[in-house]
Structure formats: structure tokens, C-alpha cells
Amino acid sequence: MVSGNIMVLAEHTGKQVSEGSYELLGKARELAAALGCQAEVALFGPRDLAAQLGGADVVVSVDHPALSEYLPEAYEQALMAVLADRNPRLILMSNATVGLDLGAALSVRWQAPLAAYVTSLTAEPAAVVATAQILGGKVLAEVELGGERGIATVVGGAFPAAAGQGDGSCAVVEFAAPAGLEALRMSLQQVLEPQEGDVDITAADVLVSVGRGIDGRDNLEVVQELADALGVPLSASRPVVDAGWLPKSRQVGKSGLKVKPKAYLMFGISGAPEHLEGMRSAELIIACNTDAGAPIFDVAHYGTTVDLFDLIPALAERVKH
Amino acid sequence: MPVRIVVPVKAVPDLVEEIELTPDETDIDREFLKFVLNEWDAQALEEALLVKDATGAEVVVVGLHEDPDIDQALYTAIAKGADSAVKISGGEGSTRTSDRAAVFAGYLSAEPADLVLTGVQAADDLDGQLPPMLAAHLGLPHVSVVVGVQANGNAVTIRQEFAGGRSHELEVSLPAVVGVQAARQAPRYAPISRIRQAMQAGGLREVDASPGTTGPSLTVRRMYRPEAAGHAEMLTGNADEVAAKIADLLRGRGLMKG
Ligand SMILES: Cc1cc2nc3c(=O)[nH]c(=O)nc-3n(C[C@H](O)[C@H](O)[C@H](O)COP(=O)(O)OP(=O)(O)OC[C@H]3O[C@@H](n4cnc5c(N)ncnc54)[C@H](O)[C@@H]3O)c2cc1C
Ligand SMILES: Nc1ncnc2c1ncn2[C@@H]1O[C@H](COP(=O)(O)O)[C@@H](O)[C@H]1O
């Protein structure tokens, strides 16, 4: 049976459905209305979370201990079983860990084309059209998901969450857990909560943020001097943290912290979608990047292509005197 | 038997370059671009080498014949400590992840790995990421967005990252495919002399793989550069002049003393 519905894979912490799931559900409702079908949610784990999904027409619930937290193999098995039964025309997932992990596997196993890094979706009579970011946001691709089934993994923040937060009540379809969940090749050992840092960058009015353009741990000194002169903390893009130059608690972005300071001064950061997810709502964004074509200049309020090694000391001087 | 780790790698356009599109504007024009190793593949290789350092695992780096400058990347990997490198032909030069996954899967069916470590994503991915696709072809378990891989006998202990710094520690039995987000330490440096030595020694093994079947693919209508809808106001002048303008912006908002 082809249901032809728009399905959303819900993400949650066990207690709370994620903001991103509402973003997807809002879009699913809009697409379903345009296409004359329903918006349904695949909910794995605690069934009572269906109460938070009033925005959906149908919630397909698979409740099993192996699904209480995200576990790739368990989720994949459950999803394959649900898809075989429900046959949606399109499934939406976050382009975060779950989508990065499941989406591409599904495209092979469910035999459906996948559009990843999606920032927009529109319904046309013959296809759903997706816009996807490639090359760190330097190029956009408009692609068709035109067949009987398709998958889109959507970048966080692309759609408003409010449109998915309806308070109606939805039909809950209880779906039996597939037998494979009893014989998994992986297991969850423990859930690790983030370590608290020495400073809380989410509380700062101003942040001086530094990226790979800083080109070495020793060069951090000049940026630290500027931050000290301003009396504000240093934050960073992911590569700076991965290199061990600053602690994880200073990382801004998708897998770091979301910040909304009054001013975000950024040096040597290109503006990859994963970084933008963490800072694009800052009130004032000033970006320094020698590449005039860096995507950050489409987001920043002010920009300069002056070399950071020239600009930072000059700015520190200005601040001190 | 030491664990055999295979690290599939990809050459991607250097993002600092000006990106041009093909005349029909449905793809990136790769002809004049500079290519570099996908940064997440560099992380996967580092993690593989760390596992080798700890357990004596064998590390095999594999690239596709048609990738630009792939020899350089493979020899660099050998110079860093990989045991061997393989260049696979048999694909049709497609840059789509789904096609590439089928070629790598063809190779891995013939020469199986205990553990496949590869980058979580590549900058020019459009139709998804390699690690889960590869696993699906091979019927193996997969975990992506991973930091830190500890091999213990027939299993690995890994950490899968989520938003906000949360993560899960998982135990996965081998064989398995892991998409690496970041290695435990910054990728090691290979001195140019060692890379040159590896090149002179030659020794890239060329393998012809018969690709597995690929899935349905996407139709690209067009590619374009994002409109400069909200472009930053550019501050011009020398460093001192720009610094003065930034200081004024901050002062004007009461964000700077003095
Ligand atoms: C699942 C996942 C989660 C991720 N989470 C995050 C996250 O939370 N946060 C995050 O930041 N990234 C994250 N990333 C990584 C992200 O994709 C990018 O790789 C990263 O943001 C790039 O950091 P960057 O801008 O510092 O480096 P690059 O993209 O390398 O940019 C460096 C920039 O510096 C400029 N530059 C170089 N020299 C100078 C100079 N002398 N003066 C001025 N400018 C100069 C260059 O022109 C370039 O634009 C994640 C990736 C994945 C796959
Ligand atoms: N000595 C070296 N160490 C590391 N990477 C190198 C080296 N020489 C060349 N490369 C290559 O340089 C490219 C960019 O690497 P990176 O500087 O780490 O971003 C990759 O294709 C590497 O394989």
C-alpha cells in the first residue's frame, strides 16, 4: 500500500521531542497540505512522547528498550520496518547526527534518492524540490525528489519550529518492534553529558571567536590579547577545538554551543553551515576573512578582508587606548 | 591476526578557491580547481593510525583512480604510517557519493576489512555521506559522527557525538563501518622528505573493482551561488582604519569602555 504521506523521524532526549523535529513537522504539514496527504511522525522510544506531537496527523510509535536512546542499528531496523508498512513518499530527518548516520544508509536499503544538507523544500505537482548546500554553503543545488519515495536530511534552523507545534491530538499507531532488535551488533554503554567549562560563552555580551585561519596554537596569544582588552571570552570554530587549542566548552556551532551575544567578532572562520547554526542570531556579526567569497559574508553585518594577523593587533591597540 | 583497517579517502575541491559551475550549471566545474584531501578523511586516517599505534592494526588507505591528485594523498598517508595504499579503478568517475560507495563496496567485498574508518562527510556531498552507504552495501553495522575509536579484540568502543556536546559511548562488534568526525589528536604531519621517499618507492597497488549496484539518483535542476541577499557591509582601508571602524561600531553600542 502506498500511503504517499510525508513522514518525519522524531528525535528526542527520552523526555522531550527536539526543537528540530518540530521544524521538520511544520514543513511536513505544509507539504502534506499542498499535496493532499498526511503528515506522520515515526516515534521510536517512549510512546508517551506522542502527546508532544499534536502537530502530526498520525504518529507511528515503536516502543522498545533498545530504542530509548538513539542507537544506529536499532533505529535503522525500526525505520525499515515502519517504511515497508507505511510507504511514505518522503521522509524528513535532521541533517544532524541521526540524519548523517541513518539517511544515507536508508537511501541504499530503502532504495530512495537522498538530498542532504537541505535548507528549503517546496511541493510541485510532480516532485518535491529541495535546495541543498554544498561546499560549505558556497554553492546551492536545486534537486528533484520526484519518484515514489525520497529522503531529505534538513539543516537545523532551516524552518520555523512553531509550525510543527500544534496542540491537537493525533492518531497513534502502535507498531510492533521488529525481532532484529533482540540481536543487535552494537550496544549503548553510557550517555556522556557535556563537561562544564571554565567560562560560559553563552552568557557573554561580546565574543571574540577564532577559526582555522589562526593557523596554530601559538597564534592564539594575539587573539587572547584582544579578548582580554575587551574583557570578553574567546570562542572558536570546531577545528580549533579539535586541534586541542581551546576546550570544547568554547566551541560554537552545531556540535558545540548556540550563542546569541550582542556582538560576535570572528576571525578566520569561513562560515560553514555547522558554524552558522550556533551564531547566526547574534545581534551584530563582524567577520574578518581574507577570502572575499567566504560564505560568512552572506551572514555577517560587517566584514573585512584585511589579514587577521594585521587587524587583531591594530584592534587590540584601539581598544586599549 | 591484527585488525585490518581500511580508510577510504576522497579528494575534494579546496574551499578557499573560487568555485565555477559547468556551462549547463548542474555541477561544479572541477577542471581548474585545486583539490585537497577531504578534511574528515584526514581525521579518519589519524584515528586509524592511533589505533595502529596502540594495537598494531594494519592500515590500508584506498582512493579512487579518477580522483584528482589522489596519488599525492595516498603517498602522504603512507608517509604518515599507513601500511599500504590502494587505488581503485572500475568506477565511472562519478562524484556522487552513491556511485562512489558502490565502487568502494566492490573493493571491500573482494578484500574485506575488519574496520572501515572514513570521514563523516565530504564538502561536496550532495546525495548523502559515504560511511552509512558503504555499510548498507556491505550489510555491516555503522556509526557515524564519531570521536575516538578504541579497538578491543572483536569490538570497538567509540563515542558518537550529538548537539551541545552530548555523546554516547557505544560498543560495536566488528566488522563495522565508522564515520569519523574528529580524531583524538590533530592529524600528524608527514615531512615532505618522507612523502617524496614514499613516492619514489612507488607501491600504490591498483585494483579493479566491480562496483555494486547503485541506488536511484537525484535529478539536479541547477546549481548556483547563493544570492548576495544579505551581504555584509564591507569595511575598507588598511588594518588600522578597519580597526578604528570596528571600535566605533562597538563603542556605538556601548560594548566597549572608553
Ligand atoms: C556533524 C558535524 C558537526 C559540526 N559541528 C561544528 C560546530 O559545532 N562548530 C563549527 O565551527 N564547525 C562544526 N563542524 C565543522 C564545519 O563543517 C567546518 O569544518 C568548520 O566550521 C570550519 O571551521 P573554520 O571556519 O574555522 O575553518 P575553515 O572553513 O577552514 O575556514 C578558515 C577561514 O579562515 C580564512 N583565513 C585564513 N587565513 C586568514 C587570515 N590570515 N586572515 C583572515 N582570514 C583567514 C580562510 O579564508 C577561511 O575562510 C561540524 C561538522 C560536522 C560534520
Ligand atoms: N606534509 C604533509 N602533511 C599533511 N598533509 C599533507 C602534507 N603534504 C601534503 N599534504 C596534503 O595536503 C592536503 C591538505 O592537507 P591539510 O593541510 O591537512 O588540510 C591533503 O591533500 C594532504 O594529503
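Each chain gets a letter, A, B and so on, in the order the sequences are listed, and its residues count up from 1. Computation of the quantities below employed the complete heavy-atom set of this structure, encompassing side-chain atoms and omitting hydrogens, waters and symmetry-equivalent molecules.
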Closest heavy-atom contact between [X] and [Y]?
| X | Y | value |
| --- | --- | --- |
| B:Arg251 | A:Arg318 | NH2-O, 4.3 Å |
| B:Ala232 | A:Gly303 | CB-N, 3.8 Å |
| B:Leu218 | A:Ala115 | CD1-CA, 4.1 Å |

Strictly by modelled atom types, are A:Tyr117 and B:Gln121 linked by a side-chain donor-acceptor pair under 3.5 Å? yes
Taking atom types as modelled, find out whether A:Glu73 and B:His142 have a side-chain donor-acceptor pair closer than 3.5 angstrom. no
With chain A as the partner chain, list the residues of residues 18-31 of chain B whose heavy atoms fall under 4.5 Å from it, by residue number, and write 'none' if nothing qualifies. B:Ile19, B:Leu21, B:Ile28
Close approach to chain A in residues 176-185 of chain B, criterion heavy atom under 4.5 Å: B:Gln181, B:Ala182
Highest number of heavy-atom pairs under 4.5 Å with chain A: which of [options]?
| options | answer |
| --- | --- |
| B:Ala244, B:Pro141, B:Ala101, B:Ser173 | B:Pro141 |
| B:Ala122, B:Ala123, B:Ala155 | B:Ala123 |
| B:Gly164, B:Ala247, B:Ala163 | B:Gly164 |
| B:Gln43, B:His137, B:Met223, B:His168 | B:His168 |
| B:Ser98, B:Ser167, B:Ala102 | B:Ser167 |
| B:Gly165, B:Gly128, B:Ala186 | B:Gly165 |

Is a side-chain donor or acceptor of B:Thr219 paired with a backbone partner of A:Glu144 at a separation under 3.5 angstrom? no
Counting only N and O atoms by type, is there a donor-acceptor contact under 3.5 Å from the side chain of A:Asp101 to the main-chain atoms of B:Ser144? yes
Per-residue contact mode, [X] against chain A (heavy atom under 4.5 angstrom):
| X | answer |
| --- | --- |
| B:Ala135 | neither |
| B:Glu46 | neither |
| B:Leu130 | neither |

Is [X] salt-bridged to [Y], going by a charged N under 4.0 Å from an acidic O?
| X | Y | value |
| --- | --- | --- |
| B:Glu171 | A:Arg185 | no |
| A:Arg212 | B:Glu39 | yes |
| B:Arg166 | A:Glu11 | no |

Between A:Leu71 and chain B, with a heavy-atom cut-off of 4.5 Å, which part of the residue counts as in contact: side chain, backbone, both or neither? side chain
